[in-house]
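These values consider heavy atoms only, across backbone and side chains, with no hydrogens, waters or symmetry-generated copies. The residues of the chain are indexed from 1 along the displayed sequence.
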Amino acid sequence: MAESWVNCAERIGVDLHLELSGPGGRRAALTRALREAVRGGRLAPGTRLPPYRSLAADLGVARNTVADAYAELVAEGWLTARQGSGTRVAERARPSRRTVGVPARASARARGPRHDLRQGRPDASAFPRAAWAASYRRALQAAPSEAFGPGDPAGRRELRETLAEYLARARGVRTEPDRIVICSGFAHALRLLFGRDTPGVPDGTGGPGAGGGAAGGGVLRGPLGVEGYGLGFHRELLAAAGVRTVPLRLDEHGARVAALGRERAVLLTPAHQFPTGGPLRPERRAAVIDWARARGSVVLEDDYDGEFRYDRRPVGALQGLDPERVIHIGSVSKSLSPALRLGWMVLPERYVEPVLAAKGEREGWASVPDQLALADFVAQGSYDRHVRRMRQRYRGRRDRLVAALAERAPHIEVTGVAAGLHAVLRLPPGTEQSVVEAAARRGVALDGLASFRHPDGPASAGDGLVVGYAAPADHAYGAALEALCEVLAAA
């Protein structure tokens with residue numbers, strides 16, 4: 001018997017797909033199909049099924065066939081039938097918690113750890129739902145019709161204008177809307193800049209940093225200087241694009257940029273080095289700009305949590321020192337949510353057209369309604385208010401971490417400036433791996449410092465933990481600290 005679709009949306013509010021096949025005739029096939037729909041969770045407990053006549057008409061079977069199938073399933077306990085309320089899926093007929101075909105290991109992984117202290121994760125419970133929803137409604141109501149058709153690969157003008165004003169005011173960035181390109185985050189920006197099939201750009205200086213239109217190149221080419229500790233995901237992305245990365249040593253003042261030589265570009269986190277935690281000192285900021293000018297190279301500035309400094313005002317963006325030698329890259333993944341795939345590149349003029357060509361006319365765009373909503377969210381002051389609120393919350397989280405360690409594990413030092421969404425805890429030499437494993441046994445998810453080291457770089461940062469204090473909700477943070485301190489007290 002062929003597959004049949006039962007469309008009862010107007011009568012019961014659901015679309016029901018039944019496969020009527022197999023031995024035993026139509027009644028047996030219908031009984032079997034309904035039982036499987038309940039067992040698999042496609043028919044949830046309490047769902048009202050169509051009346052006999054309606055389902056029989058949709059399936060092209062006799063009404064008695066449906067009545068008999070319902071009666072059999074009522075007798076087995078899959079369905080309930082009560083006068084005046086029709087036939088419904090029984091409440092006790094809930095599907096197994098394990099999804100059919102999903103291994104138990106995957107289900108456990110989906111549940112996650114008891115205490116999530118991994119880096120780079122903002123407090124998801126703090127997302128400003130009401131303010132975002134209000135901005136979304138206003139943005140959609142005010143949007144012209146053309147906003148919902150093919151648009152500008154640079155991103156919506158409304159957002160680029162708003163970002164130009166905000167970045168100048170809050171981060172000291174010098175730019176204009178036509179030099180901002182909206183992307184879906186930092187990784188997307190790297191793919192656009194270093195993708196294998198994207199066009200090169202003439203540097204205009206005759207220096208060795210010329211963008212290079214060589215086959216297999218991108219808007220930028222390697223070798224690329226990088227900090228000796230950083231996200232492995234970014235290094236893997238660059239390696240996949242054929243870009244060789246050269247690690248720079250780090251100390252308490254950030255990357256040792258004096259070691260830069262013939263690299264065509266350098267990638268830095270100058271506001272708050274990730275993950276070791278120090279800002280790039282003023283002399284080194286000036287030095288890297290001088291290097292870029294002399295070599296015809298470019299600096300990529302990852303401003304991943306530039307708004308979150310707790311012991312003083314946030315350090316201004318490096319881009320403000322020379323807008324023609326710095327590509328400033330930011331996103332809302334830490335300040336608002338990683339679920340909002342919205343970021344931006346502030347580009348020197350010579351890179352705008354090649355980046356737009358790399359982006360293409362249709363694909364790889366951030367959601368236009370989200371762009372419009374973010375423009376309104378910033379323009380209304382909601383973004384500033386949210387950042388100030390989260391700055392206070394995260395500062396409180398960091399202070400609680402420092403106080404708890406001072407009391408429970410005073411031999412553990414918290415290093416780096418008071419900023420960002422994580423802290424680095426120094427460990428006795430040779431203990432990092434055992435502490436990470438001990439934490440995992442107690443259900444505490446965190447990262448060891450060694451996991452961020454460039455494979456060609458020295459282990460200059462020593463043993464340590466990268467503890468994200470932002471991810472747990474407020475009610476769960478105390479228990480997470482307690483579990484962490486129990487592990488570290490024995491370290």
Side-chain angles (χ1 to χ4, degrees), residues 118-122 181 183-198 216-250 254-257 260 263-280 288 297-306 317-319 326-335 338 341-347 351 355 358-359 364 366 416 420-422 424 447-461 466 468:
R118 288 171 287 186
Q119 61 78 31
R121 297 165 181 254
V181 173
C183 56
S184 60
F186 185 80
H188 185 208
L190 284 185
R191 290 188 177 98
L192 291 174
L193 291 169
F194 291 98
R196 286 181 176 274
D197 299 322
T198 55
V219 175
L220 300 177
R221 292 187 299 175
L224 172 69
V226 297
E227 295 162 334
Y229 285 73
L231 278 177
F233 169 67
H234 293 160
R235 289 194 297 269
E236 293 166 4
L237 187 155
L238 291 164
V243 177
R244 182 169 68 89
T245 55
V246 180
L248 300 173
R249 282 181 172 268
L250 294 170
R256 297 183 180 181
V257 297
L260 286 167
E263 292 83 3
R264 297 175 184 270
V266 62
L267 170 59
L268 301 173
T269 52
H272 182 221
Q273 201 285 320
F274 179 83
T276 59
L280 191 64
V288 76
S297 300
V298 66
V299 181
L300 277 63
E301 178 180 26
D302 181 0
D303 201 39
Y304 78 104
D305 64 359
L318 181 66
Q319 188 267 3
V326 179
I327 297 176
H328 178 88
I329 306 172
S331 78
V332 298
S333 64
K334 307 298 186 296
S335 56
R341 304 312 305 157
L342 287 172
W344 51 85
M345 287 182 282
V346 180
L347 296 163
Y351 292 120
V355 167
K359 194 175 183 187
L421 277 62
H422 75 274
V424 174
D447 300 295
L449 191 55
S451 64
F452 300 98
R453 182 172 64 86
H454 193 289
D456 298 330
S460 57
V466 181

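The ring pair (Phe, Tyr, Trp, His ring centres under 6.0 Å) check on F274 picks up Y304, H422, F452, with sequence neighbours excluded. Judged as a salt bridge (charged side-chain N to carboxylate O under 4.0 Å, His left out), and not counting sequence neighbours, the contacts of D303 are R171. Scored by the side-chain contact (heavy atoms from CB on, under 4.5 Å) test, V246 finds P223, R244, E263 as partners (sequence neighbours excluded).
Between G277 and H272, the shortest heavy-atom distance links the atoms O-CD2, 3.1 Å. When all heavy atoms of A265 and L300 are compared, the pair lying nearest together is CB-CD1, 4.2 Å. Among all heavy-atom pairs drawn from L250 and Y229, the shortest one is CD1-N, 3.7 Å. Counting all heavy atoms, side chain and backbone alike, S331 lies closest to G185 at CB-CA, 4.4 Å. Nearest heavy-atom pair, S297 versus R264, reported as atom, atom and distance to 0.1 Å: CB-O, 3.2 Å. The two residues P455 and R235 have their closest heavy-atom pair at CD-NE, 3.7 Å.
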Please evaluate residues R256 and L248 with respect to the criterion side-chain contact (heavy atoms from CB on, under 4.5 Å), reporting the C-alpha separation (whole Å), side-chain torsions for both, the decisive distance (0.1 Å), and the verdict.
CA-CA 6 Å; R256 297 183 180 181; L248 300 173; 5.6 Å; no
Evaluate the side-chain contact (heavy atoms from CB on, under 4.5 Å) criterion for residues I327 and L347: first the C-alpha distance (whole Å), next the side-chain angles of each, then the deciding distance (0.1 Å), finally the verdict.
CA-CA 5 Å; I327 297 176; L347 296 163; 3.7 Å; yes
Check step by step if side-chain contact (heavy atoms from CB on, under 4.5 Å) holds for V226 and H234.
CA-CA 10 Å; V226 297; H234 293 160; over 6 Å; no
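The closest side-chain heavy-atom distance from E227 to L268 is below 4.5 Å. Counting heavy atoms from C-beta outward, L220 and Y351 have side chains that approach closer than 4.5 Å. Within the 4.5 Å cutoff, side-chain heavy atoms of L318 are placed close to those of V288.
For the atom pair CZ (R191) and SG (C183), the distance works out to 11.0 Å, reported to the nearest 0.5 Å. The structure places OG1 of T245 at 7.0 Å from CG of D456, a figure rounded to the nearest 0.5 Å. With rounding to the nearest 0.5 angstrom, the CG atom of D447 is 10.0 Å from the CG atom of L449.
With hydrogens and angles disregarded, no donor-acceptor distance shorter than 3.5 Å links the side chain of Q119 to the backbone of V466.
Checked against F194 for a side chain to side chain contact (heavy atoms under 4.5 Å, CB included), the options L224, L237, V219 give a single hit: L224.
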